[in-house]
Amino acid sequence: MANDALGEVTEANFRQRVLALVARIPPGRVMTYGQLALLAGRPGPGGARLAGFVMGSLAGKAQTDEEALPWQRVINAQGRVSTHKLGFGDVQEHLLEAEGVTFDESGRCDLARLQWWPEEEGRDAPPDALL
DNA sequence: AGCATGACGAGGT
DNA sequence: AACCTCGCCATGC
């Protein structure tokens with residue numbers, strides 16, 4: 001047992017970890033696929049893609065059970081949503097805007113300000129005070 | 001059983 | 001800035 005934290009990260013617990021992290025993202029804040037992968041024990045580009053696969057696997061559910069998982073708070077490293085291809089990119093942006101996230105003309109949001117890290121547990125507002 | 005494809009991202013050209 | 005390659009794994013045909 002032991003090693004949930006250091007031991008091998010199986011596909012099963014990787015998925016579980018990713019979902020657990022997504023569930024903790026505060027409203028108005030976001031996390032990237034690569035970041036989720038890193039925190040779930042699979043750093044690097046490959047891990048980021050895996051995180052994308054995990055999210056994609058629950059795309060249908062996410063839409064029908066949105067209260068259970070804030071899937072819309074997961075975006076790519078460029079600060080853009082990666083769901084246009086699936087047909088609900090606009091929905092995702094709209095949901096985020098409803099939480100206060102703004103996107104510019106090129107569809108980018110301010111990751112530096114909005115990206116959330118678990119260390120901030122408890123702080124649910126953007127680190128504006130630190131600017 | 002092989003092959004294409006899908007919510008990614010870093011590094012190189 | 002716009003590509004290209006590679007890493008990574010599940011799923012459907």
Side-chain angles (χ1 to χ4, degrees):
Chain A
M1 72 132 248
N3 343 319
D4 194 28
L6 290 178
E8 54 187 317
V9 176
T10 67
E11 193 284 324
N13 65 31
F14 174 76
R15 177 187 169 100
Q16 199 167 0
R17 290 176 181 194
V18 169
L19 297 181
L21 285 164
V22 173
R24 291 166 58 191
I25 308 174
R29 302 299 298 278
V30 299
M31 282 183 86
T32 66
Y33 302 93
Q35 181 190 8
L36 286 169
L38 174 70
L39 296 173
R42 280 274 176 280
R49 193 158 204 189
L50 291 186
F53 294 152
V54 168
M55 296 308 286
S57 75
L58 44 62
K61 287 187 175 182
Q63 293 179 89
T64 58
D65 198 5
E66 56 191 74
E67 284 191 273
L69 199 70
W71 61 271
Q72 73 274 19
R73 296 174 194 153
V74 181
I75 64 179
N76 62 36
Q78 310 162 70
R80 298 188 176 104
V81 301
S82 291
T83 52
H84 287 297
K85 204 168 171 186
L86 293 182
F88 47 92
D90 290 334
V91 174
Q92 184 172 7
E93 291 184 358
H94 195 72
L95 284 170
L96 287 172
E97 286 175 340
E99 299 181 353
V101 176
T102 59
F103 293 91
D104 62 23
E105 292 79 1
S106 63
R108 296 196 320 125
C109 69
D110 190 350
L111 254 194
R113 188 171 66 88
L114 301 173
Q115 185 170 20
W116 181 79
W117 291 84
E119 296 88 59
E120 297 181 54
E121 192 78 65
R123 182 196 305 173
D124 57 3
D128 285 331
L130 303 179
L131 304 178

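Chain letters run A, B, ... following the sequence lines, proteins first, then strands; residues in each count from 1.
A:Tyr33 has its OH atom 17 Å from the C1' atom of B:dA10, to the nearest Å. If you take CG of A:Asn13 and C1' of C:dC9, they are 14 Å apart, rounded to a whole angstrom. A:Arg15 has its CZ atom 19 Å from the P atom of B:dG6, to the nearest Å. Rounded to whole angstrom, the span from the CD atom of A:Gln92 across to the P atom of B:dC8 amounts to 11 Å. Atom CG in A:Leu58 sits roughly 12 Å away from atom P in C:dT11 (whole-Å rounding).
Considering CH2 of A:Trp117 and CG of A:Leu39, their distance stands at 5.5 Å, rounded to 0.5 Å. Rounded to the nearest 0.5 Å, atoms SG (A:Cys109) and CZ (A:Arg80) are 10.0 Å apart. Rounding to the nearest 0.5 angstrom, the gap separating the CG atom in A:Leu95 from the CG atom in A:Asp90 is 11.0 Å. Atoms CZ and CD, from A:Arg108 and A:Gln78 in turn, are 8.5 Å apart once rounded to the nearest 0.5 Å. The CG atom of A:Leu38 sits 8.5 Å away from the OG1 atom of A:Thr32 when rounded to the nearest 0.5 Å. Put simply, CE on A:Met31 and CD1 on A:Ile25 are 5.5 Å apart, with the number rounded to the nearest 0.5 Å.
Neither side chain, A:Glu93 nor A:Gln72, offers a donor N or O lying under 3.5 Å from an acceptor on the other.
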What N/O pairs connect the protein and nucleotides 4-8 of chain C at under 3.5 Å? Give each pair on its own line.
{"residue": "C:dG7", "atom": "O6", "partner": "A:Arg49", "partner atom": "NH1", "Å": "2.8"}
{"residue": "C:dG7", "atom": "N2", "partner": "A:Pro45", "partner atom": "O", "Å": "2.4"}
{"residue": "C:dG7", "atom": "N2", "partner": "A:Gly46", "partner atom": "N", "Å": "3.1"}
{"residue": "C:dG7", "atom": "N3", "partner": "A:Gly46", "partner atom": "N", "Å": "3.4"}

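Taken residue by residue, residues 75-85 of chain A places no heavy atom nearer than 4.0 Å to DNA chain C.
With a 4.5 Å cut-off on side-chain heavy atoms, A:Arg73 and A:Val22 do not count as touching.
Taking the P atom of each, B:dA1 and C:dC8 are spaced 23 Å apart, rounded to whole Å.
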